[in-house]
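Each remark here refers to the structure printed beneath this line.
Throughout, a chain's letter reflects where its sequence line sits, starting with A, and its residues are numbered from 1.
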Number of protein chains: 2
Amino acid sequence: MVKVLDDNADDGPDHIGWRLWQASRLWQEDFVAAMGAAGHGWMTDARATLLGHIGRNGTPQSRLIARMGISKQAVQQLVDGLEGEGILCRVPAPNDKRARIIAHTPKGRAALRDADRIKLEIEERYRRALGEEQLSALKAALAWLSRETGGKNPARRG
Amino acid sequence: MVKVLDDNADDGPDHIGWRLWQASRLWQEDFVAAMGAAGHGWMTDARATLLGHIGRNGTPQSRLIARMGISKQAVQQLVDGLEGEGILCRVPAPNDKRARIIAHTPKGRAALRDADRIKLEIEERYRRALGEEQLSALKAALAWLSRETGGKNPARRG
DNA sequence: AAGGGTAGTCAAGTTTCTTGACTAATAGGT
DNA sequence: ACCTATTAGTCAAGAAACTTGACTACCCTT
């Protein structure tokens with residue numbers, strides 16, 4: 001009879017995928033919490049990700065779709081929600097009557113400033129703990145993973 | 001009139017949180033795809049995360065809840081699903097008539113073997129690309145982030 | 001002007017995770 | 001033994017973040 005011993009009783013799994021998931025989740029929790037504390041209670045993980053892809057002068061919705069690796073309908077629904085919150089607005093594109101530019105409202109720009117500040121604060125916290133060298137290595141490694149494994153993500157299908 | 005120039009037209013945002021999210025997502029995509037190819041088409045991101053927390057000899061549901069940082073109902077539903085797929089089963093705990101041990105079925109153990117292999121394959125791919133040194137640095141940095149920022153996660157409420 | 005690809009919308013459904021309300025068993029103090 | 005608080009788990013309902021499928025409107029090429 002085998003002794004009933006839980007072989008990962010201590011601290012959970014240990015493969016790199018789990019660590020990535022965990023770290024990502026914790027970063028987002030931190031970020032959303034800090035944004036909430038700064039008065040932007042509407043912020044969520046998914047919205048933060050979307051907003052990160054929108055430039056200061058706006059970004060065509062089609063480009064958001066191409067970049068984010070999720071379906072165009074998902075992007076649309078996220079934008080719908082943020083439009084409803086008064087953070088984003090859709091303006092017609094000058095060249096193409098089909099296209100819309102997703103841009104920040106004044107309220108959105110205020111949130112953007114706070115978000116940028118908070119991102120830097122979190123990164124600074126990481127830097128203090130890991131040290132400049134290890135943080136740089138982390139960023140470099142993640143950059144490779146995003147580029148190499150993610151480069152082939154062909155905007156999905158329709 | 002400002003020139004309409006999208007300031008992140010090239011490759012998206014660049015803060016560490018986004019990189020973590022991206023890397024995590026790509027790992028999971030790889031893993032789920034490889035598991036699907038190995039005949040385990042029922043595998044999803046969330047299920048992979050849950051299964052990673054279950055020891056070879058089973059793990060009490062309450063411990064899963066404490067570890068995973070999600071609500072007990074979420075764990076329950078995930079387990080329900082995997083029980084329905086024939087991957088997991090709930091056996092009564094010997095000491096405590098309330099408790100249930102979540103354990104693998106034979107089918108679940110087969111999946112576990114494939115999962116372990118695939119995790120190693122993905123990690124090996126990362127190792128070839130990043131080199132041993134950079135991969136170690138990545139793992140060390142992620143370990144810190146999980147431990148330090150995540151240690152205070154008090155099993156939520158509920 | 002015709003046909004094919006692109007930009008976006010509408011509708012409906014799935015997965016994953018949430019809060020709230022509940023039952024049953026255990027643990028501790030009196 | 002008895003009451004109470006805590007712990008383990010379930011049931012029900014719902015929100016968030018996605019998905020596929022079907023559609024319209026526009027652009028570009030031939």
Please report the interatomic distance CD1(Ile65(A)) to OG1(Thr59(A)), rounded to the nearest 0.5 Å. 12.0 Å

d(Ser24(A) OG, Glu29(A) CD) to nearest 0.5 Å is 10.0 Å

Can you confirm whether more than 12 heavy atoms, excluding those of Lys107(A), are under 6.0 Å from its NZ atom? yes

Verify the neighbour count for atom CD of Glu132(B): are there more than 12 heavy atoms of other residues, nucleotides or ligands below 6.0 Å? yes

Do any side-chain nitrogens or oxygens of [X] fall under 4.0 Å of OP1 or OP2 in [N]?
| X | N | answer |
| --- | --- | --- |
| Gln76(B) | dT10(D) | yes |
| Arg98(B) | dT23(C) | no |
| Gln61(B) | dT10(D) | yes |
| Arg90(B) | dT10(D) | yes |
| Ser71(A) | dT19(D) | yes |

Integer-rounded Å distance: dG20(C) P and Lys72(B) NZ: 13 Å

Rounded to whole Å, the CD1-C1' distance (Ile65(A) to dT19(D)) equals 14 Å

Pair of N/O donor and acceptor under 3.5 Å linking dG14(D) base with Gln73(B) side chain: no

Record whether the side chain of Gln77(A) comes under 3.5 Å of the base of dT19(D) through a donor-acceptor pair of N or O atoms. yes

Which residue, Asp96(A) or Asp45(B), contacts DNA chain C at a nucleotide closer to its 5' end, judged by nearest heavy atom? Asp96(A)

Which of dC26(D), dC10(C), dT10(D) is nearest the side chain of Arg100(B)? It is dT10(D)

Hey, which of these two, Ala46(A) or Lys97(A), hits DNA chain D nearer its 5' end, going by closest nucleotide? Ala46(A)

Ala99(B) or Val75(A), whichever maps to the more 5' nucleotide of DNA chain D: Ala99(B)

